[in-house]
Each structure stands twice: as structure tokens, then as C-alpha cells.
Chemist: 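Can you keep this structure in mind? I'll have questions shortly.
In what follows, residues are counted from 1 in the order of the sequence shown. Values below: all heavy atoms of this structure, side chains included; hydrogens, waters and symmetry mates excluded.
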Amino acid sequence: MQKQGEQTIRYGGAQEAERPLGRSIKRGLLCTCPACGTGRLFRAFLKPVDTCAVCGEEISHHRADDLPAYLVIVVVGHVLMTGYMLTDMTLRVSPWVHLAIWVPLAILAALLTIQPIKGGVIGFQWALKMHGFGGKEDEAVDPGRGGPIA
């Protein structure tokens, strides 16, 4: 246990800036830069900026890919299915009425949640120094042979 005034000694190079996971994901969910929290993360609906205009953090090498879409499907699907099941138990209406209610809600909910979830995924990658966020590029691996691409 450390006493007041003592500091932990870190070996192995210069001290890196702290990247708390929760704060980085929260900043991403708010569509701001995970590094500084003030710069915009997106320049278009789902197109992230190349670099933060405030702190200069490089964001162009993120690899969010399909994860945000899968997360939106899981979240929206569970919420809407719960709403559908509860509504169907209390009100006996035609399937066409359910279709008219739940399809527009699903589309609206998906459109409202995809950008913050993608920002959260980018913040998650930044906090864990994945895909070039750690200052070095990841090696390209050939999945067929398991080795680096020449």
C-alpha cells in the first residue's frame, strides 16, 4: 500500500496518456472525439472525421465495420420485441395494425441509435489502442495461412 507522497515507478519508456475505457465509450456515444471530448467525431451521418479538429487525434484508421449494425439489431430487436409482446398480450388487434406500428418504430429506432453506437465502438477501439490507435500499425494477416502478408 502506498503512503501519501509516494508515486508508482513505471519502467519501459515514457508515460502514456491515460485512456479510461468508460470515458472513451461515453465520449463516442456522445459523438465527440474519444481523446479530448470536445471535437466532432462524425463529418457525415456515419462517416467519421479523419482527424479531430480540436486535439488532432488521428481517427481515420478505426475499424468499426459491421459491429455497430449488429449491436443496433440486438438492442432495437429486444426493445421492440418486448413492446410487441406486451402490446399483443393486452390488446387484441389485427397483425396489419402491429405491422403499421412496429415497422416504422423499428426503422426510426435503428436510425436514431446507429450513429451513437458507432461512436461508442470507435471510442472502445481508441481506449484499447486497437487498429493503429496505439501509435503503431497492426500487421496485416493472411487468414488462409495465418502469417503476415508479404
Chemist: Drop me the distance from I122's CD1 to L67's CG, to the nearest 0.5 angstrom.
Modeler: 11.0 Å
Chemist: How many angstroms lie between atom CD1 of I73 and atom NE2 of H78, to the nearest 0.5 angstrom?
Modeler: 12.0 Å
Chemist: State the CG-CE distance between D88 and M81, to the nearest 0.5 angstrom.
Modeler: 10.5 Å
Chemist: Checking E57 against W126 for the side chain to side chain contact (heavy atoms under 4.5 Å, CB included) test, could you report, in this order, the C-alpha distance in whole Å, the side-chain angles of both residues, the deciding distance, and whether it holds?
Modeler: CA-CA 10 Å; E57 179 71 29; W126 180 84; 3.1 Å; yes
Chemist: Should W102 and V97 be regarded as members of a common hydrophobic cluster, given that ILVMFWY residues are connected when their side-chain heavy atoms come within less than 4.5 Å of each other, either directly or indirectly?
Modeler: yes
Chemist: Under 3.5 Å, is there a donor-acceptor pair between the side chain of R19 and the main chain of S24?
Modeler: no
Chemist: Rounded to the nearest 0.5 Å, how far apart are CD of Q125 and NE2 of H61?
Modeler: 9.0 Å
Chemist: Is the side chain of Q115 donor-acceptor paired with the backbone N or O of C31 at a distance under 3.5 Å, no angle test?
Modeler: no
Chemist: Could you list the donor-acceptor pairs under 3.5 angstrom formed by side chains in residues 33-49, with sequence neighbours left out?
Modeler:
unit_1	atom_1	unit_2	atom_2	d
R40	NE	F42	O	3.4
R40	NH2	F42	O	3.2

Chemist: Going hydrophobic residue to hydrophobic residue with side-chain gaps under 4.5 angstrom, can you get from V75 over to F124?
Modeler: no
Chemist: Who else is in the cluster with L112 when I, L, V, M, F, W and Y are joined by side-chain contacts under 4.5 Å?
Modeler: L108
Chemist: Please check if V121 and V76 belong to a single hydrophobic cluster, counting links between Ile, Leu, Val, Met, Phe, Trp and Tyr side chain heavy atoms closer than 4.5 Å.
Modeler: yes
